Amino acid sequence: MGKNLTKRSEDYSKWYNELVVKADLAENSGVRGCMVIKPYGFAIWEKMQAGLDKMFKETGHENAYFPLFIPKSYLSKEASHVEGFAKECAVVTHYRLKNAEDGSGIVVDPDAKLEEELIVRPTSETIIWDTYRKWIQSYRDLPLLINQWANVVRWEMRTRLFLRTAEFLWQEGHTAHATKQEAIDEAELIMNVYADFVEGQMAVPVIKGVKTASERFAGAVETYCIEALMQDGKALQAGTSHFLGQNFAKAFDVKFATKEGKQEHVWATSWGVSTRLMGALVMTHSDDNGLVLPPKLAPIQVVIVPIYKGMEQLDAISEKVAPLVKALRDKDISVKFDDRDTHKPGFKFNEYELKGVPVRLAIGQRDLENGTFEVARRDTLTKEIVAEADVIGKIVSLLQEIQANIYEKALKYRESHITFVDSYEEFKNVLEEKGGFIAAHWDGSAETEERIKEETKATIRCIPINAETEQGNCMVTGKPSSKRVLFAKAY
RNA sequence: CGGGAUGUAGCGCAGUCCGGUAGCGUACACGCCUGGGGGGCGUGUGGUCGCAGGUUCAAAUCCUGUCAUCCCGACCA
């Protein structure tokens with residue numbers, strides 16, 4: 001089992017890369033830093049999209065689509081925004097190719113230089129706010145609650161499948177509000193939507209918090225985030241929701257008339273989650289045998305593997321399985337009956353384990369005679385024999401159990417990897433020997449934060465929303481602090 | 001952009017030092033046997049050895065250049 005997969009304990013990073021490729025989620029492409037998302041991986045992403053999209057709509061948001069290209073001048077309108085993204089932008093400078101005169105192939109036509117270069121969006125605030133200026137005149141036009149599903153490009157130096165790719169898929173919400181409080185409420189609402197989705201559907205526990213000034217989104221006044229912990233003790237930022245203040249409204253001159261007839265700049269938020277969530281999903285639950293998927297997001301929830309000699313036996317099994325498949329589908333459970341004669345049962349067992357299918361049924365001659373199925377669950381790798389009459393009930397309850405169990409398991413791991421420390425020495429020890437989140441006092445200064453990052457590579461992942469007030473002293477400088485913040489090494 | 005390495009069959013690699021016309025595993029195709037945890041045997045398909053020059057009777061191998069990728073740094077909502 002899992003013979004061909006590197007073990008997590010040997011090389012976690014290698015395990016992850018191999019798993020993503022071998023489970024058919026994605027692979028590297030001919031384009032540096034860009035991945036191909038394969039059908040199985042994309043099916044999971046589609047389920048995530050569907051779940052999130054529903055939640056966005058339930059909270060009053062609508063989808064729209066804005067251009068891939070952003071005129072260079074737009075990007076520079078919000079000073080800190082451009083500073084944050086300038087170093088990783090792909091730029092379109094020409095619009096035409098031609099045959100090289102020396103016959104060496106196709107070259108960029110120097111005569112087709114763009115007057116103003118176009119940036120391939122690293123995020124869409126600027127193009128969207130340029131548009132919002134035209135859409136918003138009155139308080140009656142607010143709030144404006146828009147989301148888009150899109151791809152963006154950030155020219156990252158070092159990429160990894162799903163976790164950091166040069167091009168990635170995401171959704172980005174961009175909202176405009178009449179008051180500061182309304183915008184803050186929106187940013188917090190979305191943080192909670194994200195947390196509900198990630199915990200409820202992905203079964204990945206997260207910590208809600210706000211970012212420190214230095215970790216904030218370029219152009220934001222406040223960045224809310226959800227942070228997850230991976231099995232190797234490193235943190236992964238799973239989603240962010242930004243309160244943008246009036247920064248973009250001012251940069252793009254988006255004003256509205258209040259009830260009183262005064263002109264005011266609107267208040268903004270933006271928020272996003274990306275295909276990076278796929279990485280979080282893989283790294284949170286999977287094991288040395290392959291993927292472990294939460295039933296709510298598994299493209300195949302139940303697989304049925306026939307065990308037979310000769311076509312007569314397969315026919316008998318197929319006949320037995322057909323009504324079961326239909327009954328499960330009627331309950332909206334996705335089932336695959338794998339009657340391929342080209343692979344043996346043992347091969348299929350391993351394959352579906354690798355791909356993280358939550359529940360596997362096997363049925364052979366023995367079961368036909370006894371009126372049973374062998375039911376195996378992916379999370380615990382245990383099997384049991386279940387009577388035909390009970391099998392549907394068993395599957396339904398197993399799917400719920402697995403969803404709950406993998407969440408509990410991940411939560412337990414995370415809870416046991418939040419360590420409270422009060423000295424810098426202890427901090428370094430825990431960071432090196434145990435990993436995970438470290439809750440410590442910090443004096444609130446960017447200098448101290450920077451120093452810790454340089455010396456230990458750990459960053460402040462967030463100031464937890466629910467952190468209790470507790471008088472203490474910064475572990476580095478000894479200055480007073482009123483609550484603990486969470487440090488970790490991060491992806 | 002600095003330091004290191006690698007480009008040979010779809011994938012993973014050997015062969016390079018010491019030049020002689022390309023091999024192993026796997027995958028793929030076909031046949032038979034097999035079938036309750038990645039099966040066995042046999043036959044077969046598939047490669048301008050990253051690219052461009054050069055040396056040589058002869059280059060995967062030696063020389064020069066070039067491109068790409070990976071790793072370590074720097075960088076990174």
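Sequence lines set the chain letters: A, B, ... in the order given, protein chains first and strands last, and positions in each chain run from 1. Predicted model only: the values in this text are computed from it and were never measured.
Atom CD in A/Glu215 sits roughly 14 Å away from atom C1' in B/C75 (whole-Å rounding). Between A/Asn17 atom CG and B/C71 atom P the separation is 8 Å, expressed in whole Å. Rounded to an integer number of Å, the gap from CG of A/Leu161 to P of B/C70 is 10 Å. Rounded to an integer number of Å, the gap from OH of A/Tyr491 to C1' of B/A77 is 18 Å. For A/Lys211 and B/C76, the NZ to P distance is 14 Å, given to the nearest whole Å. When the C1' atom of B/G36 is taken as reference, atom CG of A/Leu368 falls 12 Å away, rounded to whole Å. In this structure, A/Phe168 atom CZ and B/A77 atom P are separated by 11 Å, rounded to whole Å. Residue A/Leu361 contributes atom CG, which lies 17 Å from atom P of B/G36 at whole-angstrom precision.
The distance between the ring centers of A/Trp129 and A/His81 does not fall below 6.0 angstrom. A centroid separation of less than 6.0 Å is found between the aromatic rings of A/Trp271 and A/Phe56. Between A/Phe252 and A/Tyr132, the ring center distance fails the sub-6.0 Å criterion.
Taking atom P on both B/A60 and B/G53, the two are 15 Å apart, rounded to the nearest angstrom. Only the P atoms considered, B/G10 is 29 Å distant from B/G19, to the nearest whole Å. For the P atoms, the distance linking B/U43 with B/G25 amounts to 12 Å, nearest Å. Separation of the P atoms belonging to B/G50 and B/G15 is 15 Å when rounded to the nearest angstrom. Comparing the C1' positions of B/G42 and B/G54 gives a spacing of 47 Å, expressed to the nearest Å. Between B/C70 and B/C17, the two C1' atoms lie 24 Å apart (nearest whole Å). For B/G47 and B/A22, the C1' atoms lie 9 Å apart once the distance is rounded to whole Å. Atom C1' of B/C30 sits at a distance of 22 Å from the matching atom of B/C11, rounded to the whole Å.
Among the atoms of the strands shown, none is found under 4.0 Å from any heavy atom of A/Trp271. Residue contacts for A/Arg360: at a heavy-atom cut-off of 4.0 Å it reaches a base atom on one of the strands shown. Among the atoms of the strands shown, none is found under 4.0 Å from any heavy atom of A/Lys14. When heavy atoms are screened at a 4.0 angstrom cut-off, A/Asn28 is found touching no nucleic acid atom at all.
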Grab the N/O contacts between the protein and nucleotides 26-35 of chain B below 3.5 Å, and write none if there aren't any.
| residue | atom | partner | partner atom | Å |
| --- | --- | --- | --- | --- |
| B/G35 | O2' | A/Tyr308 | O | 3.4 |
| B/G35 | N2 | A/Asp341 | OD1 | 3.2 |

Atom pairs under 3.5 Å: protein N/O with N/O of nucleotides 1-6 of chain B:
none

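Residue A/Glu353 places a side-chain atom within donor-acceptor reach of the base of B/G37, judged by atom type and a 3.5 Å distance cut-off alone. Residue-to-nucleotide contacts include no donor-acceptor pair under 3.5 Å from the side chain of A/Lys348 to the base of B/G36.
Among all heavy-atom pairs drawn from A/Leu75 and A/Cys89, the shortest one is CD2-SG, 4.0 Å.
Here the nucleotide nearest the side chain of A/Glu351, chosen from B/G38, B/G37, B/A77, is B/G38. With distances taken from any side-chain atom of A/Glu88 to the nucleotides B/A77, B/C76, B/G37, the minimum falls on B/C76. The listed nucleotides are B/G37, B/A77, B/G36; the one nearest the side chain of A/Ala362 is B/G36.
Salt-bridge check for A/Glu432 with A/Lys428: failed, with every basic side-chain N at 4.0 Å or more from each acidic carboxylate O. For the pair A/Glu27 and A/Lys22, the salt-bridge criterion is not met [side-chain N within less than 4.0 Å of a carboxylate O].
In this pair, A/Trp267 and A/Phe243 present their aromatic rings parallel. The plane angle is below 30°, not in the 30 to 60° band.
For the side-chain contact (heavy atoms from CB on, under 4.5 Å) with A/Ile406, the lone residue among A/Val292, A/Val204, A/Thr380, A/Thr284 that qualifies is A/Val292. A/Glu125 pairs with exactly one of A/Tyr74, A/Phe85, A/Phe217 by the side-chain contact (heavy atoms from CB on, under 4.5 Å) rule, that one being A/Phe217. Checked against A/Glu222 for a side-chain contact (heavy atoms from CB on, under 4.5 Å), the options A/His242, A/Lys211, A/Arg216 give a single hit: A/Arg216.
Place A/Glu374 and A/Arg216 on RNA chain B by their nearest nucleotides, and A/Glu374 ends up nearer the 5' end.
Nucleotide B/A52: paired with B/U64 (Watson-Crick or G-U wobble, both distances less than 3.5 Å). In a base pair of the Watson-Crick type (N1 to N3 plus N6-O4 or O6-N4) or a G-U wobble (N1-O2 and O6-N3), with each distance short of 3.5 Å, B/U43 is matched with B/A29. With both pairing distances under 3.5 Å, B/G2 is matched to B/C72 as a Watson-Crick or G-U wobble pair. Across the strands present, B/G12 finds its partner in B/C24; the criterion is a Watson-Crick or G-U wobble pair with both atom distances under 3.5 angstrom. Applying the Watson-Crick and G-U wobble criteria (two distances, each under 3.5 Å), B/A58 pairs with nothing in any strand.
Screening residues 361-382 of chain A for ring-ring contact (aromatic ring centres under 6.0 Å, His included), with sequence neighbours left out, gives no hits.
Enclosure of atom CD in A/Glu450 by more than 12 non-hydrogen atoms of other residues, nucleotides or ligands within 6.0 angstrom is indicated.
Remark: A/Arg158 is in phosphate contact with B/C72, judged by side-chain N or O atoms under 4.0 Å from OP1 or OP2.
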